[in-house]
Amino acid sequence: MGENILLMIAAISLLLMGLVAGHGIVETPKVFHVAGKVLCQDCNQGWNEWVNGAKPIKGCKVSVTCLDDRNRVVHYASDLTDEAGDFDITCNEIVNKKIIKPQNCFLRLVSSPDPVCNVATNFAGGKSGVKLHRPNVVYRDLVKYVLGPFYYTTPMCDEPDTSSPDEQNVPYDDSDKKRNY
C-alpha cells in the first residue's frame with residue numbers, strides 16, 4: 001500500500017512538472033552575440049603608426065541584418081561602440097516565431113560620428129558586410145561571433161572608385177548620350 005502511494009505521488013509530480021514546463025514557466029529566449037571593434041586608420045601617419053596606431057572611435061553605429069531562406073530581412077539590430085571602440089550586439093534566435101540562422105546574418109558599418117574619420121573602408125569587409133560563419137566563443141548559453149577589427153579613415157585617405165558602373169553593380173544610364181543609328 002505504501003509503495004502504491006509513493007508511485008502515485010511520483011506519477012503526479014511528473015505530470016505536474018510536465019504541465020508547468022509546457023505552460024507555466026517561460027524560458028528565456030536563446031540569443032547569440034556579434035562583437036568586434038571599430039578603429040580609425042589615418043594614412044597621414046608613418047607606416048608603423050598607420051598599421052599599429054589605429055585609434056578606437058566612440059559612437060560608431062554597427063548593424064546586424066538577418067535574412068530568411070528567401071533573402072527577406074527578418075531581423076535587424078544595431079549597437080554603438082564604446083570608448084574602446086568595442087560593440088556587442090545581442091540577437092534573439094527566434095523573432096516573430098521565425099528561427100534566425102546566424103549563417104544568414106551579416107554585419108556592416110553604418111556610420112561614424114567622428115568629423116574627420118568617417119569614411120568606411122572595406123578592410124575586413126566592414127563596408128560591404130561580413131557574413132557570420134562560425135562562432136568564436138561557445139560556452140554554456142553563450143554563443144559569440146567576434147569579427148573585425150573594422151576601420152574608418154579620413155576623406156584624404158579614401159581611394160576614389162574608378163570602376164565602371166558594370167563593375168559596381170549599378171545600373172548604367174546612357175540616356176544623355178546621342179545615339180547614331
Side-chain angles (χ1 to χ4, degrees), residues 29-95 98-139 142-172:
K30 296 189 185 272
V31 298
F32 61 93
H33 296 262
V34 181
K37 184 178 275 294
V38 180
L39 304 169
C40 176
Q41 207 167 39
D42 187 0
C43 68
N44 293 326
Q45 303 296 319
W47 172 255
N48 193 36
E49 292 84 14
W50 181 74
V51 172
N52 299 316
K55 295 181 177 70
I57 306 173
K58 179 183 177 184
C60 285
K61 187 172 185 179
V62 182
S63 72
V64 172
T65 305
C66 299
L67 308 174
D68 64 7
D69 293 331
R70 292 172 41 189
N71 287 331
R72 296 177 299 186
V73 174
V74 290
H75 181 64
Y76 176 87
S78 64
D79 190 26
L80 298 176
T81 56
D82 62 11
E83 295 83 20
D86 296 322
F87 63 89
D88 189 343
I89 303 172
T90 304
C91 300
N92 289 330
E93 287 186 354
I94 298 176
V95 176
K98 293 186 179 190
I99 296 174
I100 303 296
K101 297 178 185 172
Q103 64 269 18
N104 290 345
C105 299
F106 63 94
L107 177 124
R108 70 180 185 89
L109 296 171
V110 177
S111 64
S112 169
D114 191 310
V116 176
C117 196
N118 56 14
V119 176
T121 70
N122 216 24
F123 192 80
K127 185 176 179 180
S128 61
V130 179
K131 287 193 80 148
L132 306 182
H133 291 288
R134 279 176 259 163
N136 300 67
V137 178
V138 178
Y139 180 73
L142 177 65
V143 177
K144 190 177 218 178
Y145 297 81
V146 181
L147 304 171
F150 301 106
Y151 295 94
Y152 279 94
T153 191
T154 62
M156 186 173 150
C157 300
D158 188 29
E159 292 183 17
D161 189 5
T162 58
S163 59
S164 70
D166 292 335
E167 294 169 345
Q168 298 174 11
N169 293 326
V170 175
Y172 181 67

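Since this is a predicted model, take the numbers as computed values, not measurements.
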[X] side chain to [Y] main-chain N or O, any donor-acceptor pair under 3.5 Å?
{"X": "N122", "Y": "K127", "value": "yes"}
{"X": "T153", "Y": "Q41", "value": "yes"}
{"X": "N118", "Y": "S112", "value": "no"}
{"X": "N92", "Y": "I94", "value": "no"}
{"X": "T81", "Y": "I57", "value": "yes"}
{"X": "Y145", "Y": "G36", "value": "no"}

Going from [atom1] on [X] to [atom2] on [Y], what distance comes out if it is rounded to the nearest 0.5 angstrom?
{"X": "T90", "Y": "K144", "atom1": "OG1", "atom2": "NZ", "answer": "8.5 Å"}
{"X": "F123", "Y": "L109", "atom1": "CZ", "atom2": "CG", "answer": "12.5 Å"}
{"X": "L67", "Y": "K101", "atom1": "CG", "atom2": "NZ", "answer": "11.5 Å"}
{"X": "K37", "Y": "Y151", "atom1": "NZ", "atom2": "OH", "answer": "9.5 Å"}
{"X": "C91", "Y": "I100", "atom1": "SG", "atom2": "CD1", "answer": "8.0 Å"}
{"X": "S78", "Y": "L107", "atom1": "OG", "atom2": "CG", "answer": "10.5 Å"}

Are side-chain heavy atoms of [X] and [Y] found at a separation under 4.5 Å?
{"X": "C60", "Y": "S111", "answer": "no"}
{"X": "V64", "Y": "D79", "answer": "no"}
{"X": "D68", "Y": "N104", "answer": "no"}

Original post:
Are C105 and C66 close enough that their SG atoms are less than 2.5 Å apart?
Top reply: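 With an SG-SG separation under 2.5 Å, C105 and C66 do form a disulfide.
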
Over all atoms of both residues, closest heavy-atom pair of [X] and [Y]:
{"X": "C117", "Y": "Y152", "result": "SG-O, 3.3 Å"}
{"X": "V143", "Y": "P135", "result": "CG1-CB, 3.8 Å"}
{"X": "N136", "Y": "V146", "result": "OD1-N, 3.0 Å"}
{"X": "Y76", "Y": "S63", "result": "OH-CB, 3.3 Å"}
{"X": "E83", "Y": "K58", "result": "OE2-NZ, 3.4 Å"}
{"X": "G125", "Y": "F150", "result": "C-CE2, 4.3 Å"}

